[in-house]
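In what follows, every heavy atom counts, from backbone to side chain, and hydrogens, waters and symmetry copies are set aside. Reminder, nothing fancy here: chain letters follow the sequence lines and each chain counts from 1.
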Amino acid sequence: MRTTQYLLATQKEVPSDADVVSHQLMLRAGMVRKLASGLYSWLPTGLRVLNKVSKIVHEEMVRAGSIEINMPVVQPADLWQQSGRLEEYGPELLRIQDRHQRDFVLGPTHEEVITTIVSNDVNSYKQLPLNLYQVQTKFRDEVRPRFGVMRSREFIMKDAYSFHLSMECLSNTYQDMHTAYCNVFDRIGLNYRSVIADSGSIGGAVSHEFHVLAESGEDDIAFSNSSDYAANVELAEAITHAVAASPTKALEKVNTGDAKTIATVSELLSINASQSVKTLIVAASSEIDAEFVALILRGDHQLNAIKAEKHPWIASPLVMAQEEAVKTLVGCGFGTLGPIKMPMPVLVDRSAAACSDFVCGANEENMHFTGVNWQRDFSAKGADASGLDSRIVVDLRQVVAGDPSPCGSGTLDIRKGIEVGHIFQLGDKYSKAMNCGVLTETGKYQVLQMGCYGIGITRIVAAAIEQNNDKYGIMWPDAIAPFKVVIIPMNMHKSHRVNEVAQKLYQDLLDAGVDVLFDDRKERPGVMFADMELIGVPHSIIIGERNLDENALEYKNRATGEKIMLPIDKVVTFITEK
RNA sequence: CGGUGAGUGGCGCAGCUUGGUAGCGCACUUGGUUUGGGUCCAAGGGGUCGUAGGUUCGAAUCCUAUCUCACCGACCA
């Protein structure tokens with residue numbers, strides 16, 4: 001490609017609303033343009049990258065035994081009614097009507113459609129297992145689109161769905177997909193982690209996310225510093241080795257006045273926040289005979305809402321109690337709540353249970369207890385008189401850096417990650433709801449087990465930039481660079497020698513099948529260097545009068561800055577071997 | 001959905017307080033100049049000032065409504 005016949009669309013300045021580096025660089029490098037909130041057009045340079053990512057994904061899917069199909073973006077709302085997700089999915093599901101006022105949705109994902117196809121066209125166990133995929137535009141009406149194509153409303157996703165008679169078979173395909181995903185991210189050259197994840201609203205039990213590690217990530221990933229254990233912090237189990245020490249202090253009630261937060265109480269009593277516990281009141285589930293449940297956490301720890309919701313006593317989704325209701329029931333406001341004589345069921349986080357001689361609210365305005373010890377002092381509705389019993393000690397808190405790793409080896413580190421892939425073992429959630437099954441060997445009807453596997457193609461492009469950039473611009477990994485090499489001639493429009501060598505090299509590289517960009521603009525060298533560094537072409541060949549005298553050309557590597565002089569006739573081989 | 005802020009040429013902004021018919025930088029066009037790291041000079045083209053209504057002799061500027069966008073939060077995966 002010659003730059004004079006191409007739409008480079010680079011710019012020096014960047015719209016002020018772009019605040020992550022990948023978004024800024026994608027705009028400056030002329031890769032994308034915003035059309036409206038969360039909607040982006042892909043310009044030639046961006047599309048080239050997108051297509052390369054997509055090609056790698058296609059190849060690895062086919063290699064893993066998945067078969068390509070294509071499903072409509074517009075789907076009948078009926079289907080979503082059947083699976084129960086029309087309500088469940090909420091306003092993120094964009095609903096539209098056709099000219100006959102029939103209801104449709106824009107597909108954010110395709111479980112309903114694929115299940116319909118398979119239930120109609122797969123009737124025998126002999127046709128299983130089956131794994132189908134597509135690469136396609138999805139639409140999710142995000143509350144707040146941000147970070148450019150990282151969280152846009154319209155985006156391209158590879159989604160695959162597998163169908164099985166047994167969980168064992170599903171588990172095998174799940175493993176194959178896990179391997180295929182690793183292959184994809186390895187080939188692209190990303191620094192990523194496969195992490196244990198929550199399956200969220202999509203349903204199912206087993207689930208892994210693939211995260212590209214980057215500061216701008218929206219998820220927190222916890223991983224062991226000495227094994228390959230990694231989990232979304234939403235899921236990471238908080239391990240506490242400590243056990244409560246024997247009491248050394250007497251229980252005392254103290255007036256703490258206006259101090260109502262962990263921070264102010266700790267300061268007033270000159271203690272560390274970890275020597276106190278806090279009490280959160282949440283709505284109870286219908287499983288138990290109570291309106292609320294009290295959750296006890298160590299003062300310096302945070303509640304993990306996902307863990308809390310999974311407890312049978314706690315309503316899901318999690319609802320925090322209103323202060324007025326708590327006052328009526330307990331007799332004091334949020335600031336002085338505590339586990340002792342709490343008139344409702346209590347759940348204690350493992351770390352809080354390991355505290356001794358601690359501080360907590362006294363369930364009385366302005367009053368706290370000090371020197372509290374569980375075995376000696378604790379009592380609450382639903383608990384044994386003898387203090388803490390194991391049924392109410394549970395994992396409720398968010399893990400923090402330095403916690404012991406749940407895998408038993410090392411301690412946890414926490415880093416930010418960008419979710420670029422997610423695989424699920426769905427089980428029969430959709431196949432059951434939509435009656436998708438086959439006849440088995442024994443002639444019996446059986447509902448299928450499903451898996452689903454997604455990769456955010458557009459998001460990978462942004463994630464790759466987050467991980468590979470410097471002050472001059474993007475540094476593409478070779479596998480997804482828009483061009484492999486750029487020819488930068490110095491003063492080609494004045495020098496016949498430079499012109500001749502540049503034109504010939506361009507033709508030779510084309511003939512060798514290399515993805516080459518030829519900057520044939522009548523621009524000053526500085527402009528060309530700056531543009532090519534910005535769009536991140538990994539390899540440059542610079543042609544100038546001064547090196548032609550030695551029959552040589554200069555090679556420059558974008559990422560390493562390495563410069564080498566090459567004999568003219570060795571350039572094509574040098575590049576093709578890169 | 002709550003909080004905050006912004007809409008003036010393709011991009012970044014000034015002008016608004018104190019109304020008088022729109023300006024700067026980048027980009028673009030032409031000519032010259034320069035040529036191994038975003039040259040310099042000159043001349044040009046391009047804007048119903050988000051939209052609608054109102055006040056006024058006169059509105060980018062004041063008033064009202066409305067739309068859009070962004071940031072923080074909540075939500076989602």
(request) Determine the Euclidean distance between corresponding C1' atoms of U4(B) and C11(B); express it in Å to zero decimal places. (result) 25 Å
(message) Can you tell whether the side chains of D159(A) and K138(A) come within less than 4.0 Å, N to carboxylate O?
(response) yes
(message) Tell me whether E533(A) is salt-bridged to R558(A), with the criterion being a basic N under 4.0 Å from an acidic carboxylate O.
(response) no
(request) Kindly point out which of C76(B), A70(B), G37(B) is positioned nearest to the side chain of E92(A)? (result) C76(B)
(message) Considering every strand and a 4.0 Å limit on heavy-atom distances, what is the contact class for E209(A): base, sugar-phosphate, or nothing?
(response) nothing
(request) State the pairing partner of A65(B); accept Watson-Crick or G-U wobble contacts with both distances under 3.5 Å, and report none otherwise. (result) U51(B)
(request) Determine the interatomic distance between P on G50(B) and the same-named atom on U34(B); round to the nearest Å. (result) 44 Å
(request) State the pairing partner of U35(B); accept Watson-Crick or G-U wobble contacts with both distances under 3.5 Å, and report none otherwise. (result) none
(message) Aromatic contact between F424(A) and H422(A), with the criterion being ring centroids under 6.0 Å apart: yes or no?
(response) yes
(request) Between C63(B) and G20(B), how far apart are the P atoms? Round to whole Å, please. (result) 15 Å
(message) Between U66(B) and G7(B), how far apart are the two C1' atoms, rounded to whole Å?
(response) 14 Å
(request) Confirm from the modelled atom types if K563(A) and G37(B) form a donor-acceptor pair under 3.5 Å, side chain to base only. (result) no
(message) Rounded to whole Å, please give me the gap between CD1 in I535(A) and C1' in G38(B).
(response) 15 Å
(message) Strictly by Watson-Crick or wobble contacts shorter than 3.5 Å, is anything paired with C16(B), and which nucleotide is it?
(response) none
(request) Would you check, one step at a time, whether the test ring pair (Phe, Tyr, Trp, His ring centres under 6.0 Å) holds for Y229(A) with F223(A)? (result) CA-CA 6 Å; Y229(A) 173 86; F223(A) 55 98; 9.5 Å; no
(message) Could you work out, with salt bridge (charged side-chain N to carboxylate O under 4.0 Å, His left out) as the rule, every residue matching R193(A), not counting sequence neighbours?
(response) none
(request) Would you indicate what I542(A) reaches in the nucleic acid, counting non-hydrogen atoms under 4.0 angstrom: base, sugar-phosphate, or nothing? (result) base
(request) If a protein heavy atom is under 4.0 Å from the base, mark B; if only from the sugar-phosphate, S; if neither, -; do that for nucleotides 2-13 of chain B going 5' to 3'. (result) ---------BSS
(request) Please state the C1' separation for the pair U30(B) and A22(B) - nearest whole angstrom. (result) 25 Å
(request) By nearest nucleotide on RNA chain B, pick out whichever of K34(A) and N232(A) is the more 5' one. (result) K34(A)
(request) Answer yes or no: is there an ion pair linking K578(A) with D478(A), defined by an N-O contact shorter than 4.0 Å? (result) no
(request) Decide, yes or no, whether a salt bridge links D519(A) with R2(A) under the criterion of side-chain N to carboxylate O below 4.0 Å. (result) no
(message) Could you tell me how far apart D141(A) (CG) and C1(B) (C1') are, to the nearest whole angstrom?
(response) 13 Å
Shorter than 3.5 Å, N or O on both sides, protein versus nucleotides 28-35 of chain B: list them out with atom names.
| from | atom 1 | to | atom 2 | distance (Å) |
| --- | --- | --- | --- | --- |
| U34(B) | O2 | R524(A) | NH1 | 2.8 |
| U35(B) | O2' | N491(A) | OD1 | 3.0 |
| U35(B) | O2' | N491(A) | ND2 | 2.1 |
| U35(B) | O2 | N491(A) | OD1 | 2.9 |
| U35(B) | N3 | N491(A) | OD1 | 3.4 |
| U35(B) | O4 | K494(A) | NZ | 3.0 |

(request) Output yes when R497(A) and D549(A) qualify as a salt bridge under the 4.0 Å nitrogen-oxygen rule, no when they do not. (result) yes
(message) Measuring to OP1 and OP2 of A70(B), would you say a side-chain N or O of S37(A) lies under 4.0 angstrom away?
(response) yes
(message) Atom CD of residue position Q322(A) - does it have more than 12 heavy atoms of other residues, nucleotides or ligands inside 6.0 Å?
(response) no
(message) In whole Å, measure the gap between the C1' atoms of C28(B) and C16(B) for me.
(response) 30 Å
(request) Quick one: pull up OG in S152(A) and CG in L35(A) and give me the separation to the nearest 0.5 Å. (result) 12.5 Å
(request) Report yes if at least one side-chain N or O of K556(A) is closer than 4.0 Å to OP1 or OP2 of G36(B); otherwise report no. (result) no
(message) Assess whether a salt bridge exists between E142(A) and R151(A), defined as any Lys/Arg side-chain N lying under 4.0 Å from an Asp/Glu carboxylate O.
(response) yes
(request) Could you pick out which residue, E142(A) or R28(A), lies toward the 5' side of RNA chain B when each is mapped onto its nearest nucleotide? (result) R28(A)
(request) Send over the distance from F147(A) CZ to C72(B) C1', rounded to a whole Å. (result) 11 Å
(request) May I ask you to check whether H178(A) and Y453(A) place their ring centers less than 6.0 Å from one another? (result) no
(message) If I pick the C1' atom on C40(B) and the same atom on G46(B), what distance separates them, to the nearest angstrom?
(response) 24 Å
(message) Applying the Watson-Crick and G-U wobble criteria at under 3.5 Å, what pairs with A74(B)? Answer none if nothing qualifies.
(response) none
(message) Tell me which nucleotide, if any, is Watson-Crick or G-U wobble paired with A22(B) when both distances must be under 3.5 Å.
(response) none
(message) Without decimals, in angstroms, what is the distance between F155(A) CZ and C76(B) P?
(response) 16 Å
(message) Does anything in residues 544-554 of chain A come within less than 4.0 Å of RNA chain B? Heavy atoms only, and list the residues if so.
(response) G544(A), R546(A), N547(A), E554(A)
(message) Output the rounded distance in Å from CG (L35(A)) to P (U68(B)).
(response) 14 Å
(request) Quote, to the nearest angstrom, the C1' distance that separates G12(B) from A6(B). (result) 14 Å
(message) Whole angstroms only, please: what is the CD1-C1' distance between I543(A) and G36(B)?
(response) 13 Å
(message) Run the salt bridge (charged side-chain N to carboxylate O under 4.0 Å, His left out) test against E215(A) and tell me which residues pass, sequence neighbours left out.
(response) none
(message) I need the CG-P distance between D531(A) and C26(B), as an integer number of Å.
(response) 17 Å
(request) Take the protein atom CZ of R146(A) and the nucleotide atom C1' of C69(B), then report the distance between them rounded to whole Å. (result) 15 Å
(request) Give none if A59(B) has no partner; otherwise give the nucleotide forming a Watson-Crick or G-U wobble pair with it, both distances under 3.5 Å. (result) none
(request) Not counting sequence neighbours, list each pair that qualifies as a ring-ring contact (aromatic ring centres under 6.0 Å, His included) and has a residue in residues 535-560 of chain A. (result) H539(A)-Y555(A), Y555(A)-F574(A)
(message) Applying the Watson-Crick and G-U wobble criteria at under 3.5 Å, what pairs with G9(B)? Answer none if nothing qualifies.
(response) none
